[in-house]
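Notes follow the structure.
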Amino acid sequence: MAVSSTPCLRHRSLIANNFRSTFLGEKNGFTISTMPVSHTGFLRKTIECKESRIGKQPIQVPSNVNITLQGQDLKVKGPLGELSILYPREVKIEREDSGILRVKKALETRRANQMHGLFRTLTDNMVVGVSKGFEKKLQLVGVGYRAMLEGKDLVLNLGFSHPVRMAIPEGLQVKVEENTRITVSGYDKCAIGQFAASIRQWRPPEPYKGKGVKYADEIVRRKEGKAGKKK
């Protein structure tokens with residue numbers, strides 16, 4: 001007796017339809033969309049750098065100082081000397097009708113924010129230097145330590161087997177008082193600081209007895225020496 005295979009086919013079809021409906025969420029009237037999901041993107045927001053509190057301050061130019069501005073090149077001339085500086089592309093300088101100088105950012109980048117305050121300070125140092133000048137004072141501390149001037153050289157006795165002779169750079173003036181106090185003055189603040197640092201470098205102050213060459217306003221942190229064994 002032949003058995004019809006039709007019920008088996010219908011049963012398999014019903015199972016497949018139920019599985020498909022359950023998988024796709026179509027069972028009980030619930031439908032799930034099968035549309036492809038697009039790639040997720042991130043929005044980039046441009047954040048403007050804050051303006052430097054130092055950089056936005058105006059620079060007052062005295063009446064005895066002449067300013068020459070050509071593009072990114074600034075020249076400052078006063079009674080004590082003449083200085084010039086070349087600005088990078090991140091910053092720019094503008095001169096108002098009243099004579100006040102303002103340093104502004106030309107770009108909105110991190111480097112421009114850093115250069116803003118730096119070149120405002122350098123410009124102000126130039127204006128003050130050619131009109132009033134700067135000075136740096138040092139002091140020699142130690143038995144036998146002394147300084148003297150011989151022509152255009154500064155001679156230091158700092159406990160070495162030979163005296164230290166240093167040529168004074170052009171544009172700087174050096175004064176020695178009581179053989180232990182040195183004053184470096186001029187109109188270029190960078191050159192003054194560099195020469196004063198080179199003098200101090202020969203014998204930096206040591207922390208136990210404080211001997212050496214130190215700045216007049218420098219505070220040397222002292223250390224306690226080795227104590228003897230107590231009985």
Side-chain angles (χ1 to χ4, degrees), residues 52-55 57-68 74-87 93 99-101 103 115-160 163-207 209-222:
S52 172
R53 291 179 293 178
I54 297 177
Q57 295 179 4
I59 301 174
Q60 301 291 339
V61 180
S63 58
N64 58 350
V65 175
N66 296 326
I67 302 294
T68 304
L74 175 68
K75 294 182 180 180
V76 181
K77 186 176 181 180
L80 299 182
E82 182 178 356
L83 294 172
S84 63
I85 188 173
L86 180 62
Y87 286 83
I93 185 168
I100 295 178
L101 296 177
V103 180
M115 296 293 102
H116 189 199
L118 171 63
F119 276 85
R120 188 270 170 195
T121 301
L122 294 177
T123 306
D124 184 66
N125 289 342
M126 291 169 54
V127 175
V128 176
V130 298
S131 59
K132 299 180 181 179
F134 295 98
E135 66 177 15
K136 197 79 173 178
K137 296 184 178 181
L138 302 98
Q139 185 175 358
L140 277 61
V141 179
V143 178
Y145 288 9
R146 63 181 185 273
M148 64 185 70
L149 292 175
E150 292 184 0
K152 295 183 178 181
D153 294 342
L154 175 65
V155 182
L156 304 172
N157 291 319
L158 301 175
F160 299 115
V164 177
R165 183 178 295 271
M166 302 180 65
I168 301 174
E170 186 178 357
L172 299 183
Q173 294 81 38
V174 178
K175 183 189 301 183
V176 178
E177 299 177 358
E178 299 179 0
N179 294 332
T180 56
R181 291 185 296 176
I182 303 173
T183 302
V184 183
S185 60
Y187 57 88
D188 191 347
K189 189 175 183 179
C190 295
I192 294 172
Q194 181 62 42
F195 186 66
S198 62
I199 296 174
R200 182 184 180 276
Q201 189 177 7
W202 281 103
R203 183 74 77 176
E206 51 90 15
K209 296 183 179 180
K211 296 174 59 178
V213 182
K214 72 181 190 69
Y215 298 116
D217 55 352
E218 181 179 3
I219 299 176
V220 181
R221 297 186 62 181
R222 304 293 291 273

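Count residues from 1 along the sequence. Computed from a prediction, not measured in an experiment: that's the story for all the values here.
Going from atom CG of Asp188 over to atom CD of Gln194 covers 10.5 Å, rounded to the nearest 0.5 Å. Of the inter-residue distances, the one linking Leu101 atom CG with Leu74 atom CG reads 6.5 Å to the nearest 0.5 angstrom. Here the CG atom belonging to Leu122 is positioned 5.0 Å from the CD1 atom belonging to Ile85, to the nearest 0.5 angstrom. Note that CG of Asn157 is 11.5 Å distant from CZ of Arg203, once rounded to the nearest 0.5 Å.
Of all non-hydrogen atoms in Gly186 and Leu172, the two that sit nearest each other are CA-CD2, 4.4 Å. Here the closest heavy-atom approach between residue Gly159 and residue Tyr145 is recorded as N-CE1, 3.8 Å. Heavy-atom minimum distance, Val130 versus Lys77: CG2-C, 4.3 Å. The shortest heavy-atom contact between Lys75 and Ser84 is CG-CB, 3.8 Å. Between Ala196 and Leu138 the shortest heavy-atom distance is O-CD2, 3.5 Å. Counting all heavy atoms, side chain and backbone alike, Gln201 lies closest to Pro204 at O-CD, 3.5 Å.
For the pair Glu135 and Lys175, the salt-bridge criterion is not met [side-chain N within less than 4.0 Å of a carboxylate O].
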Begin from the C-alpha positions of Val76 and Glu82 and carry the test side chain to side chain contact (heavy atoms under 4.5 Å, CB included) through to its verdict. CA-CA 6 Å; Val76 181; Glu82 182 178 356; over 6 Å; no
Can you check side chain to side chain contact (heavy atoms under 4.5 Å, CB included) on Leu149 and Ile168, steps first, answer last? CA-CA 10 Å; Leu149 292 175; Ile168 301 174; 4.0 Å; yes
What's the verdict on side chain to side chain contact (heavy atoms under 4.5 Å, CB included) for Val174 and Thr183, showing C-alpha distance, side-chain angles and the deciding distance? CA-CA 6 Å; Val174 178; Thr183 302; over 6 Å; no
Is there a side chain to side chain contact (heavy atoms under 4.5 Å, CB included) between Leu158 and Val213? Walk through the geometry before answering. CA-CA 9 Å; Leu158 301 175; Val213 182; 3.8 Å; yes
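Here the side chains of Arg120 and Thr123 are not in contact, with every heavy-atom distance at 4.5 Å or above. Side-chain contact between Tyr215 and Gln139 is absent, with no heavy atoms from C-beta onward closer than 4.5 Å. Between Ser131 and Leu80, the closest side-chain pair of non-hydrogen atoms is not below 4.5 Å. Annotation: side chain of Ile182 is in contact with side chain of Leu140 (closest heavy-atom distance under 4.5 Å). Annotation: side chain of Ile199 is in contact with side chain of Leu156 (closest heavy-atom distance under 4.5 Å). The closest side-chain heavy-atom distance from Pro205 to Arg200 is below 4.5 Å. Between Leu154 and Val176 there is a side-chain heavy-atom pair separated by less than 4.5 Å. You'll find the side chain of Gln60 reaches within 4.5 Å of the side chain of Ile100, heavy atoms only.
Environment of CD in Glu206: crowded, with over 12 heavy atoms of neighbouring residues, nucleotides or ligands closer than 6.0 Å. More than 12 heavy atoms of other residues, nucleotides or ligands shown are found within 6.0 angstrom of NZ on Lys214. Around the CD1 atom of Ile219, the shell of radius 6.0 Å holds no more than 12 heavy atoms that belong to other residues, nucleotides or ligands.
Using cut-offs of 30° and 60° for the angle between ring planes, the Tyr87 and Phe119 rings count as tilted.
At least one donor-acceptor pair closer than 3.5 Å links the side chain of Arg222 to the backbone N or O of Lys209.
A distance of 6.0 Å or more separates the ring centres of Phe134 and Tyr187.
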